[in-house]
Amino acid sequence: MAPVLGLAAKAVLLVLAPVLLSVALYNPKDFSPAAVPPDYSFGADVYAPRHDARVLASSERIGEGRLPGPEDLAYDAAGGWLYTGCADGWIRRVSVPGGEVQDWAYTGGRPLGVVLAGDGGLVVADADKGLLKVSLDKTVELLTDEAEGLKFALTDGVDVAADGTIYFTDASYKNNLAHFMVDVLEARPHGRLMSFDPSTRKTIVLARDLYFANGVAIAPDQDSLIYCETVVRRCSRYHIRGDKAGTVTNFTGSLPGYPDNIRYDGEGRYWIALSAGRTLEWDVLMRSPFVRKLVYMVDTYVVSVPQNLRYAGAMSVTLDGEPVTMYTDRGLAHATGWLKVGDYLYYGSLASPYISRIDLTKSSIEA
């Protein structure tokens with residue numbers, strides 16, 4: 001038996017050797033994977049003391065079949081509507097708690113981040129179009145789609161400060177949403193955090209060289225904001241005013257998954273969406289640019305490679321970034337936006353045709 005196994009191993013090596021050599025020697029024109037930055041953590045994750053690891057069992061689906069890819073959520077308390085951007089270019093709204101779905105406004109692109117404006121309209125980070133304003137009469141206005149002469153390729157997260165300044169991210173100036181996984185596999189800092197002043201219509205780059213810049217949330221005191229970088233599993237604080245104005249400090253790192261949107265709940269906690277959990281497979285990918293190159297080439301030229309995304313969810317943290325609770329599920333992926341509304345926790349997904357919600361009064365970890 002041993003000689004047979006030996007021959008089989010040699011045969012496999014003979015097949016793989018030219019493939020691996022080709023990968024090593026060939027450099028794709030638009031793909032150049034890099035080593036992750038030195039501060040990337042392969043060690044222990046931060047962990048919440050209270051964890052529900054079976055969140056799907058307690059989740060109720062809202063608007064099933066009417067909401068393709070509801071990526072982010074914004075709540076209008078006065079009207080009782082939950083707004084979300086969908087994959088077909090529509091911004092839809094869902095009555096709370098009833099669940100009625102209405103087509104509200106069409107952007108013609110791919111709306112991702114959404115947040116209420118002071119006048120009751122909506123500010124939208126549209127991956128294809130740029131930063132948009134949707135007025136109450138549903139008129140769609142382009143606010144900005146470039147900064148410092150560089151066009152946005154993937155406008156992503158957004159929030160609005162009390163003074164009306166809009167803070168938002170361009171996840172990548174290189175790859176659009178259709179190729180976001182290419183940006184992740186490259187692990188290069190193509191992202192930016194920016195501000196837009198509606199009074200001057202000026203766009204300013206606040207932080208650059210970010211690793212897939214994603215969600216943004218203004219702190220309740222308005223002195224700073226928190227933004228997420230998906231690839232490096234961290235969230236940072238950008239200081240808007242005060243002694244540290246213009247600087248970036250750590251908020252929370254070594255997250256147990258890849259962060260997406262982040263929202264403040266008005267009750268002392270930020271909710272950080274984890275679009276996928278950290279796994280052994282993804283650790284191997286992040287450790288090795290060569291393996292990422294191999295995956296990219298097989299996926300591009302041979303056959304689609306499964307992304308193996310699972311254990312998505314959300315972590316709630318204090319105003320100082322200390323973990324409080326966490327909701328995950330092995331069967332959950334692309335859970336990109338979580339928002340607490342009253343006694344319910346709502347969440348959307350790039351991949352699902354519905355919004356989900358959890359009744360927190362029945363949650364064992366929110367007692």
Heavy-atom closest contact (Thr336 atom, Ser349 atom, distance): OG1-CA, 3.7 Å

Student check: side-chain heavy atoms of Pro220 and Tyr270 closer than 4.5 Å: yes

Salt bridge Asp119-Lys133, side-chain N to carboxylate O under 4.0 Å: yes

Transitively linked via ILVMFWY side-chain contacts under 4.5 Å: Ile62 with Leu73? yes

So Glu229 and Ser236, side-chain contact (heavy atoms from CB on, under 4.5 Å) or not? Walk me through it. CA-CA 8 Å; Glu229 291 176 90; Ser236 302; 4.1 Å; yes

Applying side-chain contact (heavy atoms from CB on, under 4.5 Å), run through Arg201 and Leu143 and close with a yes or a no. CA-CA 7 Å; Arg201 304 193 67 84; Leu143 299 179; 4.1 Å; yes

Leu309, Val232: one ILVMFWY side-chain cluster at the under-4.5 Å cut-off? yes

If you group Ile, Leu, Val, Met, Phe, Trp and Tyr by side-chain heavy-atom gaps below 4.5 Å, do Ile355 and Leu350 land in one group? no

Donor-acceptor pair, Arg278 side chain versus Arg233 backbone, under 3.5 Å? no

Where do Asp163 and Gln222 land on the side chain to side chain donor-acceptor pair (under 3.5 Å) test, with the steps shown first? CA-CA 9 Å; Asp163 66 1; Gln222 304 290 304; over 6 Å; no

Whether the side chain of Lys340 engages the backbone of Gly342 through a donor-acceptor N/O pair (distance < 3.5 Å, no angle test) should be reported. yes

Decide whether Ser41 and Ser254 meet the rule of one side-chain donor and one side-chain acceptor closer than 3.5 Å. yes

Could you tabulate the donor-acceptor pairs under 3.5 Å formed by side-chain atoms of residues 103-111, not counting sequence neighbours?
| residue | atom | partner | partner atom | Å |
| --- | --- | --- | --- | --- |
| Asp103 | OD1 | Arg92 | NE | 2.6 |
| Thr107 | OG1 | Gly89 | O | 3.3 |
| Thr107 | OG1 | Gly109 | N | 3.1 |
| Thr107 | OG1 | Asp126 | OD2 | 2.8 |
| Arg110 | NH1 | Gly69 | O | 3.3 |
| Arg110 | NH1 | Gly85 | O | 3.2 |
| Arg110 | NH2 | Gly69 | O | 2.6 |

Surrounding NZ of Lys129 (heavy atoms of other residues, nucleotides or ligands, distance under 6.0 Å), is the total greater than 12? no

Co-membership, hydrophobic cluster, residues Leu112 and Leu142, 4.5 Å side-chain: no

Using modelled atom types only, decide if a donor and an acceptor are shared between the side chain of Ser288 and the backbone of Val284 within a distance under 3.5 Å. no

Within a reach of under 6.0 Å around NE2 of His179, are more than 12 heavy atoms found that belong to other residues, nucleotides or ligands? no

State whether the side chain of Asp76 and the backbone N or O of Trp81 hold a donor-acceptor pair below 3.5 Å, judged by distance alone. no

Rounded to the nearest 0.5 Å, what separates atom CG in Leu360 from atom NZ in Lys362? 11.5 Å

What is the distance from atom CZ of Arg50 to atom OG of Ser316, rounded to the nearest 0.5 Å? 7.5 Å

Decide yes or no on ring-ring contact (aromatic ring centres under 6.0 Å, His included) for Tyr40 and Tyr211, but give the supporting numbers first. CA-CA 11 Å; Tyr40 185 95; Tyr211 291 86; 8.9 Å; no

Which pair of non-hydrogen atoms, one from Pro323 and one from Val46, has the smallest distance, and what is that distance? CG-CB, 4.3 Å

Thr252 OG1 to Arg234 CZ distance, which is reported to the nearest 0.5 Å: 11.5 Å

Donor-acceptor contact below 3.5 Å, side chain Thr169 vs main chain Asn214: yes

Which class fits the ring pair Tyr346 and Tyr344: parallel under 30°, tilted 30 to 60°, perpendicular over 60°? tilted

Counting C-beta onward and ignoring hydrogens, is there a side-chain heavy-atom pair between Thr230 and Phe180 closer than 4.5 Å? no

Are Pro97 and Arg357 side-chain neighbours, meaning at least one heavy-atom pair lies under 4.5 Å? yes

I'd like to check Thr318 versus Val324 (side-chain heavy atoms, cut-off strictly below 4.5 Å). Are they in contact? yes

Hydrophobic clusters here meaning ILVMFWY residues chained together by side-chain heavy-atom distances under 4.5 Å, can you tell me if Leu294 and Leu185 are in one? yes

Is it true that a side-chain atom of Asp265 and a backbone atom of Glu267 form a donor plus acceptor pair closer than 3.5 Å? yes

Check for a donor-acceptor pair, side chain of Glu148 on one end and backbone N or O of Val205 on the other, with a separation under 3.5 Å. no

Quick one, Phe168 and Thr144 - any side-chain contact, counting heavy atoms below 4.5 Å? yes

Taking side chain as C-beta onward, heavy atoms only, is Ser135 less than 4.5 Å from Glu141? no

Among Met194, Arg192, His190, the one residue meeting side chain to side chain contact (heavy atoms under 4.5 Å, CB included) with Arg208: Arg192

May I ask you to decide whether Glu366 forms a salt bridge with Arg269, counting only side-chain N to carboxylate O separations under 4.0 Å? yes

Salt-bridged, Arg263 to Asp72, with N to O below 4.0 Å? yes

Could you check Tyr83 against Val124 for side-chain contact (heavy atoms from CB on, under 4.5 Å), going step by step and ending with a plain yes or no? CA-CA 11 Å; Tyr83 290 83; Val124 181; over 6 Å; no

Look at the side chain of Ser352 and the backbone N and O of Tyr354, then say whether any donor-acceptor pair between them is shorter than 3.5 Å. no

Quick one: sort the Trp338 and Tyr347 rings into parallel, tilted or perpendicular, breaks at 30° and 60°. parallel

Taking atom types as modelled, is there a side-chain donor on Arg310 or Thr279 under 3.5 Å from an acceptor on the other? no

Please check this pair: side chain of Ser172 against backbone of Leu154, looking for a donor-acceptor N/O pair closer than 3.5 Å. no

Verdict with supporting geometry, Asn261 and Glu71, side-chain contact (heavy atoms from CB on, under 4.5 Å): CA-CA 9 Å; Asn261 287 300; Glu71 200 267 352; 3.3 Å; yes

Has Ser58 got a side-chain atom pairing as donor or acceptor with Ile358's backbone, closer than 3.5 angstrom? no

